[in-house]
Amino acid sequence: MSFSAADHQFMSRALQLAKKGIYHTAPNPNVGCVLVKDNEIVGEGWHEKAGEAHAEVNALKQAGSKAEGATAYVTLEPCCHHGKTPPCSDALIKAKVKRVVAAMIDPHVKVAGKGLKQLEAAGIVVEQGLLEEQAKALNLGFIKRMQKRLPYVRCKLAMSLDGRTAMASGESKWITSAAAREDVQRLRVKSSAILTGVGTVLADNPSMTVRLQDVDSQPLRVVVDTNLSMPTDAKMLKQAGRTVLMTCSADKAITQALTEAGADVHIMPYCNTSVDLTSVLQQLSDMEINDVLLETGATLSGAMLQAGLIDEIIIYMAPVLMGNDARGLFALPGLETMQDKIELEITEQRVIGKDIRITAKVCCPD
């Protein structure tokens, strides 16, 4: 299927609009819509907040009667089921649009091509696939949750030029600059959950909150705590939002004490004497968590990497050297030959303050 230069231009605009909702739409996807008639934009909209009107409805509202006979460029297939809002496919049909161009199929089982078929049945010209990869990149977590019952996991790390994350004593504040730490806040705010291990809590007692102005809500804080070692006076239990402990312990007294301190305790299956990490992520998926930011030490991050549970690694590299005795990025036992190495694909390198932010996808084995 071929698309014109104008088609590309208007879909690019729809993608720009979709990005405007990136901090507010979870667990829903980010979607943008542009209505065009006689080669002019007559309506624009994006999904602004979960539970509120979808992109198509907002664009139709702006267009009014001009929507009749228009082409709708939408970054995700229009929904065709009743959720918190009515189906967008019905709204497009009622508005008598002439053509709908969707960047990608909605992976939600209740849609998955049905929305486009409904539009076609109503006599609307339907085309799909324009700037599809760009549209998918906006909703990696939503897509993975729909397809695999797992959230998209980004692992955030700060390291020295020689690949160290802390001194041998555990001292790590601060490896990177204030600019890099502020950038991490933006990573947090677009994540549905922040995941760490109880070792990090015991060592650093972090708050694990977003410290930016005008933040509507805090990400879910999740702690992998196999034996319920979480202190009842931990900082994160006193913060706004929820803290969830994923444990294998059924100790009722400790559970009650932590619950009274503000934690939600979930008992998970064992795996090699520790919490089963796949089950943790499946539980988060069932809680409608699309994107997880992993902020933890070498042990848990290494275990998740070796289990194939990390999709993307974001490393803030500072121009400092910390020496041979300092702690490394990942605990990865069993890597003895080059054949055992874990391959990454660097997708972006950017200077943040005096540091370099490296973004890399974890390559799946053949």
Side-chain angles (χ1 to χ4, degrees), residues 14-34 43-62 72 74-92 102-112 114-115 134-154 185-195 208-210 212-222 239-244 264 281-293:
L15 289 166
Q16 289 177 345
L17 292 170
K19 291 178 183 178
K20 292 188 175 186
I22 203 165
Y23 296 138
H24 308 290
T25 62
N28 296 345
N30 303 297
V31 184
C33 179
V34 173
E44 292 185 335
W46 66 93
H47 184 34
E48 298 178 17
K49 191 173 182 179
E52 296 183 1
H54 289 187
E56 298 93 322
V57 172
N58 287 330
L60 289 169
K61 183 178 179 181
Q62 186 181 98
V74 60
T75 59
L76 184 72
E77 173 187 8
C79 65
C80 56
H81 66 286
H82 284 270
K84 292 182 179 179
T85 60
C88 292
S89 55
D90 286 352
L92 291 166
M104 62 173 286
I105 299 292
D106 189 335
H108 195 295
V109 66
K110 292 184 178 180
V111 189
K114 300 182 184 72
Q134 292 89 328
K136 287 180 177 179
L138 284 177
N139 291 298
L140 294 173
F142 177 77
I143 293 168
K144 188 176 179 186
R145 180 166 69 88
M146 292 297 105
Q147 294 179 340
K148 297 185 177 181
R149 195 191 158 207
L150 291 169
Y152 190 88
V153 178
R154 295 176 176 88
Q185 295 298 311
R186 286 187 282 273
L187 277 180
R188 286 181 176 181
V189 77
K190 73 176 186 179
S191 303
S192 305
I194 303 171
L195 176 65
M208 289 287 184
T209 55
V210 175
L212 296 175
Q213 293 182 347
D214 302 323
V215 174
D216 295 334
S217 61
Q218 293 289 336
L220 182 72
R221 294 179 293 274
V222 184
Q239 308 302 317
R242 294 174 59 202
T243 299
V244 172
D264 292 340
L281 294 183
Q282 288 174 339
Q283 176 74 18
L284 293 178
S285 174
D286 292 346
M287 294 165 67
E288 296 189 315
I289 298 297
N290 291 335
D291 299 274
V292 170
L293 183 63

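Only heavy atoms go into these numbers, but all of them, side chains included; no hydrogens, no water, no symmetry mates.
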Supply the atom-to-atom distance [X] [atom1] to [Y] [atom2], rounded to the nearest 0.5 angstrom.
{"X": "N290", "Y": "L140", "atom1": "CG", "atom2": "CG", "answer": "10.5 Å"}
{"X": "E44", "Y": "Q16", "atom1": "CD", "atom2": "CD", "answer": "9.0 Å"}
{"X": "E48", "Y": "K20", "atom1": "CD", "atom2": "NZ", "answer": "9.0 Å"}
{"X": "Q283", "Y": "L150", "atom1": "CD", "atom2": "CG", "answer": "12.5 Å"}

Check: Taking R221 as the fixed residue, which of D264, T243, T209 is the one that meets the side-chain hydrogen bond (donor to acceptor under 3.5 Å, both in side chains) rule?
Finding: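 For R221, the side-chain hydrogen bond (donor to acceptor under 3.5 Å, both in side chains) test succeeds with only one of D264, T243, T209, which is T243.
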Would you indicate whether the side-chain heavy atoms of [Y] and [X] approach each other to under 4.5 Å?
{"X": "C79", "Y": "H108", "answer": "no"}
{"X": "V31", "Y": "V74", "answer": "yes"}
{"X": "R149", "Y": "R145", "answer": "no"}
{"X": "V292", "Y": "S191", "answer": "no"}
{"X": "W46", "Y": "I22", "answer": "no"}
{"X": "R242", "Y": "M287", "answer": "yes"}
{"X": "R188", "Y": "M208", "answer": "yes"}
{"X": "P219", "Y": "L293", "answer": "no"}

[X] side chain to [Y] backbone, donor-acceptor under 3.5 Å:
{"X": "T75", "Y": "G32", "answer": "yes"}
{"X": "E77", "Y": "D106", "answer": "yes"}
{"X": "E288", "Y": "P27", "answer": "no"}

Checklist line | Contact summary for C88 and E56, nearest pair of heavy atoms | finding: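 Scanning both residues completely, I find the closest heavy atoms to be SG-OE1, 3.4 Å.
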Note to self: If only side-chain N and O atoms count, and only distance matters, is there a donor-acceptor pair under 3.5 Å linking T25 with N30?
What the structure shows: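 Their side chains do contain a donor-acceptor pair, which is all the 3.5 Å distance test asks for.
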Next item on the list: Decide, yes or no, whether a salt bridge links K190 with D291 under the criterion of side-chain N to carboxylate O below 4.0 Å.
Entry: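 Result for this pair is no, no salt bridge flagged.
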